[in-house]
Number of protein chains: 2
Amino acid sequence: MSRSVRLKDVAKLAGVGIGTASRVLNNHPNVSKQKRQMVLKAMEELCYRPNEIARSLKTQTTKTIGVILMDITNPFYGNVVKGIEYIAYNKNYSLLLADLNCNMNALKDRIDEFRDKNVDGIIFMGTSVNDMDIKIFASRQIPLAIISTNVNVKDKKLYAKFYSVNIDNEKAAYDATQYLIGLGYTKLAYISGVQGDPNSSIPREYGFKKALKENGIQNRQEWNKYGSFTFESGYKAMQALLEEEERPEIVFAFSDLMAMGAAKAVMSRGFRIPEDIALFGFDGIENGKYFHPSISTVKQPRYQMGTKGTSCLIDWIEGKESPTCMITLSHSIIERESTQSLL
Amino acid sequence: MSRSVRLKDVAKLAGVGIGTASRVLNNHPNVSKQKRQMVLKAMEELCYRPNEIARSLKTQTTKTIGVILMDITNPFYGNVVKGIEYIAYNKNYSLLLADLNCNMNALKDRIDEFRDKNVDGIIFMGTSVNDMDIKIFASRQIPLAIISTNVNVKDKKLYAKFYSVNIDNEKAAYDATQYLIGLGYTKLAYISGVQGDPNSSIPREYGFKKALKENGIQNRQEWNKYGSFTFESGYKAMQALLEEEERPEIVFAFSDLMAMGAAKAVMSRGFRIPEDIALFGFDGIENGKYFHPSISTVKQPRYQMGTKGTSCLIDWIEGKESPTCMITLSHSIIERESTQSLL
DNA sequence: TCTAACGGTGGAACCGATTCCATGTATGTA
DNA sequence: TACATACATGGAATCGGTTCCACCGTTAGA
């Protein structure tokens, strides 16, 4: 293992001082054209590559962003990470990855891991954050962006401590429900996120109910079921729904995975989709498109959420901007096979 | 932003030398019980956290592993990464992530990015590697583990340069085909990976044909189609298959995504699965279970591939072992709804 | 002609750890 | 008692960069 070439070696070969070599490396203006040439030639000749670790030690900056997410196997994250990675790569940042494996208790430890590694910023993706969570982050003094995560933070002061990139969940659910009612559906059910977790899907439930009310449709409690965003939980919730005396015409599941699980339950009972029961999802993941029947849904701009969150974060890191907290991106409705017009 | 506490500060407060403080930090034996206590107390008091960057500079080690993969949105990788993450976290390593976005040309650049960041090891997951690829890695002198990637390397010397963790693809395809023939199927087709890419699926094609031959069944070229492992390519390949004069009884797609795409094509034409055409996949991703009908498949132990590859890599990094190259894990066959017994 | 301002330059000090070396002290052995 | 050995300890040197400071030569302005 040959010892690596140091900037000192470059300087010596080029016959200049160590400071000059450094200035060339960093594109500082005050270097004569002549010496700059010599240094560049020496670098070339020695195949010089700066040691990022040494640089980081002095500058207290690592060109690294830490990404913490709930569960890497959730297909929702794939495109978000892709967006993050795209911007990070183009701005010369690397990504450190931490998977909480659905366990928020690990959060503190993973933040500290990143802090110890001197990341310049952190991106978090989970279901929701409260005051406590933000304080944990804030105490580490690291710029923070939160993507696709419900912000349930009371203390207004904390809003200066992070970026949040999300869609307007209430409006998205409202728009979707309006759309479904517009198709002619009048008997609507939903499968929401974790019941009891006040943050997970309240806005979506609220948007759903608002649309019903505006159209003079009564919400039926027995048609409000709860899951945990997973396929299995959607399957179970749908089974419960099918046990009810009367069946809804359409079920709005607050994640595509749950919608697919619900679809499986429907088809297993021999019902047809959308003729007997229609289904509508949330998220717009690829799986929903591939499913048979493909799942109509409200799409979150996942890739864009990744790019937006990351570029804001980097601007903050580099001192170009301070956090403005809430950034809302727009959702869209995708018609596919699991719904139809009744009119 | 308060200046961080340094080991020097700890030493001063504890009234010991800097070397002693360092020895305590690293659990070196030759420190008196008394001083060790004092140092620990001082650390506690000052909330001392060692600066990993400084440590890395001196030790030339970063406790970081770089992960390079073809496409983070491919659901195949989720569980593999989870396995990697599990071991890395437990052995105190962090993960740097790079997504090639399906473009092998970016490989060199990403390796250099990792080299510059001084990663201790690299894990690569793609479709195949050849001599050139390995040489690129090897020239960087970084321990390398390759997971779930066909190794198409001629130069035997290179086999000392990396670990490879994979299943026996030929045997897996052979076993699966035997299983299908055992169910009573005699008219078998396949949808393979990229035609012309000699590495992508040759072993699977070979295993398939071997099983046919052993059972006295003739392989029909017109039933050998090609995709690119994606859902869309499976859909298209199946459409082509349905154009053939005679239809096969069962189609063995060499990825679950392609099997699902094929299933969609079948159902769109109004055929039933498995009654009219049966389907069999490869990989064992969750999506196949969720699909309706759920896809029978040969499962790769993805999580285990991640853990095994990572623990071997770390052992190598820490000098406990040198690479033994090929590690083969066992596959398994999963019966689901897309196949049935004809007997 | 003298001075101020400025671009260009080399090198010391520094970032915060690890590690080696010199030194001191205690223990065991002849 | 003398000496070898082992353990304990402090601190300088080091890792490979960045940056500040001092210095020099040139040019512009008075």
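Sequence lines set the chain letters: A, B, ... in the order given, protein chains first and strands last, and positions in each chain run from 1.
Contacts of A:Glu113 classified as side chain to side chain donor-acceptor pair (under 3.5 Å), with partners at least two apart in sequence or in another chain: A:Arg110, B:Ser94. For B:Thr62, the side chain to side chain donor-acceptor pair (under 3.5 Å) criterion is met by B:Asp120, not counting sequence neighbours.
In this entry the distance linking CG of A:Leu57 with C1' of C:dA13 reads 13 Å, nearest Å.
In this model, the phosphate group of D:dG17 is not approached by any side-chain N or O of A:Ser56 to a distance below 4.0 Å at OP1 or OP2. At D:dC7, none of the side-chain N or O atoms of B:Asn30 fall inside 4.0 Å of OP1 or OP2 (strictly under the cut-off). At the phosphate of C:dG10, OP1 or OP2 sits under 4.0 Å from a side-chain N or O atom of A:Lys35. Regarding contacts with the backbone of C:dA17, every side-chain N or O of B:Asn51 stays at 4.0 angstrom or more from both OP1 and OP2. OP1 or OP2 of D:dG16 lies within a sub-4.0 Å distance of a side-chain N or O belonging to B:Gln60.
Defining each end axis of the helix from C:dT1-D:dA30 to C:dA30-D:dT1 as the rotation carrying four pairs' C1' atoms onto the next four, with five pairs an end, the two axes are found to diverge by 50° to 10 degrees.
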N/O donor to acceptor pairs below 3.5 angstrom from side-chain atoms of residues 314-324 of chain B, sequence neighbours left out:
{"unit_1": "B:Glu318", "atom_1": "OE1", "unit_2": "B:Lys320", "atom_2": "NZ", "d": "3.0"}
{"unit_1": "B:Glu318", "atom_1": "OE2", "unit_2": "B:Tyr93", "atom_2": "OH", "d": "2.9"}

Only distances under 3.5 Å count here; give the side-chain donor-acceptor pairs of residues 303-311 of chain A to other protein atoms, sequence neighbours excluded, each with its distance to 0.1 Å.
{"unit_1": "A:Thr307", "atom_1": "OG1", "unit_2": "A:Gln304", "atom_2": "O", "d": "2.9"}
{"unit_1": "A:Thr310", "atom_1": "OG1", "unit_2": "A:Gly306", "atom_2": "O", "d": "2.6"}
{"unit_1": "A:Ser311", "atom_1": "OG", "unit_2": "A:Thr307", "atom_2": "O", "d": "2.9"}
{"unit_1": "A:Ser311", "atom_1": "OG", "unit_2": "A:Lys308", "atom_2": "O", "d": "3.2"}

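In this structure, A:Lys156 is positioned above the aromatic face of A:Tyr159, its NZ or CZ under 6.0 Å from the six-membered ring centre and within 45° of the axis.
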For nucleotides 18-23 of chain C, give me every protein contact, N/O to N/O, under 3.5 Å, one pair per line with atom names.
{"unit_1": "C:dT18", "atom_1": "OP1", "unit_2": "B:Asn26", "atom_2": "OD1", "d": "3.1"}
{"unit_1": "C:dT18", "atom_1": "OP1", "unit_2": "B:Asn26", "atom_2": "ND2", "d": "2.9"}
{"unit_1": "C:dT18", "atom_1": "OP1", "unit_2": "B:Arg55", "atom_2": "NE", "d": "3.2"}
{"unit_1": "C:dT18", "atom_1": "OP2", "unit_2": "B:Ser22", "atom_2": "OG", "d": "2.7"}
{"unit_1": "C:dT18", "atom_1": "OP2", "unit_2": "B:Asn26", "atom_2": "ND2", "d": "3.2"}

